[in-house]
Each structure stands twice: as structure tokens, then as C-alpha cells.
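Read the structure below first, then the notes.
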Amino acid sequence: MLLPHYIHSSWKPFLTEEIVDELKQIEAQIGDNYNPVDRDKVLRFLETDLSRVKVIWLGQDVYPAKGVATGRAFEVGNMESWFQPFRQVSLKNIIRLLHKDQQNIEEYKEIKSFQQIKEEMLEGRFTISEPHQWFDCLEKQGVLFLNTSYTCEIGKPNSHRAIWETFSQQVMSYISAFNPKIVWFLWGREAQSNKAFIKEGIFYESRHPMMCSAKYEDDFLKFSGFKETANKINWLC
């Protein structure tokens, strides 16, 4: 069964007999060749105390490369250091935006590249925990890294999107009803399209962090959500 070994009590009303049956049908459809390879991580969000969630990053599909998906949106598996090569541009741009906010950079052309930020890390001019510890720290503060498609066939992005669609909508609806004070970060049109299923919440929106350009009015590197939630979350822990 896809359910994790531990499920927080805040999710018990959600896991009705109908939902459990739905998960059984989903499990039969996705087969065995999927990410995350650790079955216990597929629905890891069920371990979260929803009453403590302050901010949700709403991701899309899990990473398709084998061993990279962790069950947390935007986290890159097996990544021990920011200096380790990785291909996921979205995560690099998230760090660029956090650096921009921390340095109070106002001009788009002054925003540093990820390579320049790594040089500042080496020199001690920009400090942030190593990747896995950073995700852990944010999660402990009340950040939920939630995808809308919880598995994909290895090497085939978005291959399970249709399979998870209805279940994912039910998850978002339940979360927003349980805790209507949550701040939702909706990056990209796909994430924003899910507002119809989020009954209540506070929304910050932008283009997806995968592709950034000064020409976009709603470009991710112009996103204000991190700054405006700094009173809730220490983003550079």
C-alpha cells in the first residue's frame, strides 16, 4: 500500500474508506517502475501535522530521473552540497531569489547567477544550510513541499498526472478546509489552475521558477512571497 507507515492524526478524517479504495486503484495503475523509488515517500505529506503548516509550495510532477524524487516538491535527492552539480534549474532560481531578497537587490540586472552565489557561499558572504538540512529546517518551521502528481514512470515526466489528478484535488480541498490560514505559493499556470480546489487560503503567485526573464511581468525572480512571509519562516535557516 502507498500509505506511509506513520500518518498524522490530522489526516485521519481525510482517509475515508472511499479514499483508501481510490489509492488502491491508483497503486494498481502506476505499476512498479516509478519515482520516488522509496514507496514510503510517495505520500509523505500525510506525516505532516496540518495544524502546523504555514506555507505550501505547490509543485507539479515529481522528478523523473531515478533516485532524484524525495516526495518533497523541488527537493533534489542525494544532494549533499550546493557545490554538487545538479540540473534542476527551479531550485537554483529559488536560491537566487532568496539571495536577492537577503541582499535587498532591486534592479533585475543586479540579480546574481547561481554560480556567483556559490562563490559568495565559499567566501562566507551568503550562508544557507546544505540542501537536505535546509529542506528539513523549513519543513520543521511549517513549510509543506506538496506536488500535485505524486509519482511518475522513471524517465517519463508527467506520465502519471491523469492518474493522480482527482486524488490531488481532494488533497488540496481537504488541506484548505482543515487549515484556511495557510499561505500557498503558486508558481506557474499549472499550480495556479488548482486554486479552484483550494477553498480558502492566502495566495502568492508568479511564473514557474524553471524559466526566468526580466521581460515577464510576473517573473519568478520578482516574486514577493518569501519577503512577505519572513515573519513566519526563516527562509535562510
Side-chain angles (χ1 to χ4, degrees), residues 1-30 34-63 69-75 77 129 131-152 160-161 163-187 191 194-204 225-226 229-235 237:
M1 187 65 181
L2 292 172
L3 293 172
H5 296 302
Y6 169 76
I7 299 172
H8 191 270
S9 59
S10 57
W11 287 97
K12 295 298 173 67
F14 173 70
L15 294 172
T16 62
E17 185 176 338
E18 290 76 16
I19 290 290
V20 172
D21 285 342
E22 187 176 347
L23 283 172
K24 290 177 180 177
Q25 294 172 25
I26 289 171
E27 185 172 18
Q29 291 181 74
I30 64 176
Y34 61 79
N35 272 344
V37 292
D38 183 349
R39 178 177 295 236
D40 205 41
K41 299 300 183 187
V42 171
L43 302 176
R44 68 183 295 168
F45 63 86
L46 293 173
E47 300 173 355
T48 304
D49 180 354
L50 282 179
S51 66
R52 295 188 65 254
V53 174
K54 300 174 185 176
V55 179
I56 290 178
W57 295 13
L58 192 61
Q60 299 175 8
D61 194 32
V62 299
Y63 294 129
T70 68
R72 293 197 284 207
F74 298 98
E75 183 180 35
S129 301
H132 185 70
Q133 289 75 24
W134 181 61
F135 274 88
D136 282 348
C137 177
L138 295 182
E139 193 170 68
K140 287 174 183 175
Q141 292 183 73
V143 181
L144 178 58
F145 306 98
L146 185 69
N147 280 313
T148 51
S149 200
Y150 309 109
T151 62
C152 73
H160 291 169
R161 177 180 176 180
I163 296 173
W164 285 107
E165 188 172 26
T166 299
F167 177 80
S168 178
Q169 293 165 1
Q170 292 167 320
V171 168
M172 290 181 284
S173 179
Y174 178 78
I175 290 174
S176 60
F178 186 96
N179 187 345
K181 296 180 180 179
I182 290 174
V183 174
W184 295 75
F185 287 178
L186 305 179
W187 299 330
N194 286 295
K195 284 180 73 174
F197 311 105
I198 302 171
K199 297 178 180 179
E200 292 187 71
I202 302 162
F203 303 101
Y204 289 93
F226 290 129
T229 56
N231 61 328
K232 300 176 184 289
I233 305 292
N234 171 21
W235 293 109
C237 58

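- Here salt bridge (Lys or Arg N to Asp or Glu O under 4.0 Å) pairs that include residues 133-148, with residues two or more places apart or in two chains, are R72-D136, R72-E139.
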*Please step through side chain to side chain contact (heavy atoms under 4.5 Å, CB included) for the pair K54 and V143, ending with a clear verdict.*
CA-CA 6 Å; K54 300 174 185 176; V143 181; over 6 Å; no
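- Aromatic ring centres of F145 and F135: separated by under 6.0 Å.
- Donor-acceptor pairing under 3.5 Å is recorded for the side chains of E75 and H132.
- The closest side-chain heavy-atom distance from M1 to V20 is below 4.5 Å.
- Between R39 and E27 the shortest side-chain heavy-atom distance falls below 4.5 Å.
- Distance alone, capped at 3.5 Å, is enough to place a donor-acceptor pair between the Q141 side chain and the N234 backbone.
- Counting only N and O atoms by type, the side chains of E200 and S176 include no donor and acceptor under 3.5 Å apart.
- Nearest heavy atoms, Y150 versus V62: O-CG1, 3.4 Å.
- For the residue pair S129 and C237, the shortest heavy atom distance occurs at OG-O, 2.6 Å.
- Considering CD of E47 and NE2 of H8, their distance stands at 11.0 Å, rounded to 0.5 Å.
- For W57 and W187, the distance between ring centers is under 6.0 angstrom.
- The ring of F185 has its center no closer than 6.0 angstrom to the ring center of F203.
- Across N35 and A69, no two heavy atoms sit closer than the pair CB-CB, 3.9 Å.
- Closest heavy-atom contact between H5 and D40: N-OD1, 3.0 Å.
- The nearest pair of heavy atoms linking G71 to P36 is N-CG, 3.9 Å.
- A distance of 5.0 Å separates CD1 of I26 from CD of E22, quoted to the nearest 0.5 Å.
- Residues I175 and F45 form no side-chain contact, since every pair of their non-hydrogen atoms from C-beta on lies 4.5 Å or further apart.
- Taking CZ of R161 as the reference point, atom SG of C152 lies at 13.0 Å (rounded to 0.5 Å).
- Looking only at side-chain heavy atoms (C-beta outward), V53 and V55 stay at 4.5 Å or farther from each other.
- Here the OG1 atom belonging to T229 is positioned 8.0 Å from the NZ atom belonging to K232, to the nearest 0.5 angstrom.
- Side-chain contact between Y34 and V42 is present, with at least one heavy-atom pair separated by less than 4.5 Å.
- A distance of 12.0 Å separates CH2 in W184 from CD1 in I202, rounded to the nearest 0.5 Å.
- Scored by the salt bridge (Lys or Arg N to Asp or Glu O under 4.0 Å) test, D49 finds no partners at all (sequence neighbours excluded).
- Under the 4.5 Å side-chain criterion, counting only non-hydrogen atoms from C-beta, P13 is in contact with Y174.
- Counting only N and O atoms by type, the side chains of T48 and W11 include no donor and acceptor under 3.5 Å apart.
- Looking only at side-chain heavy atoms (C-beta outward), K195 and L186 come within less than 4.5 Å of each other.
- Using a 4.5 Å heavy-atom threshold, the side chains of L138 and I233 count as touching.
- Put simply, the side chain of T16 gets close to the backbone of I19: a donor and an acceptor are under 3.5 Å apart.
- Distance alone, capped at 3.5 Å, places no donor-acceptor pair between the N147 side chain and the L58 backbone.
- Interatomic distance, W164 CH2 to T148 OG1, rounded to the nearest 0.5 Å: 11.5 Å.
- Using modelled atom types, one finds a donor on one side chain and an acceptor on the other under 3.5 Å when comparing T151 with H160.
- One N or O on the side chain of W235 and one on the backbone of F226 form a donor-acceptor pair closer than 3.5 Å.
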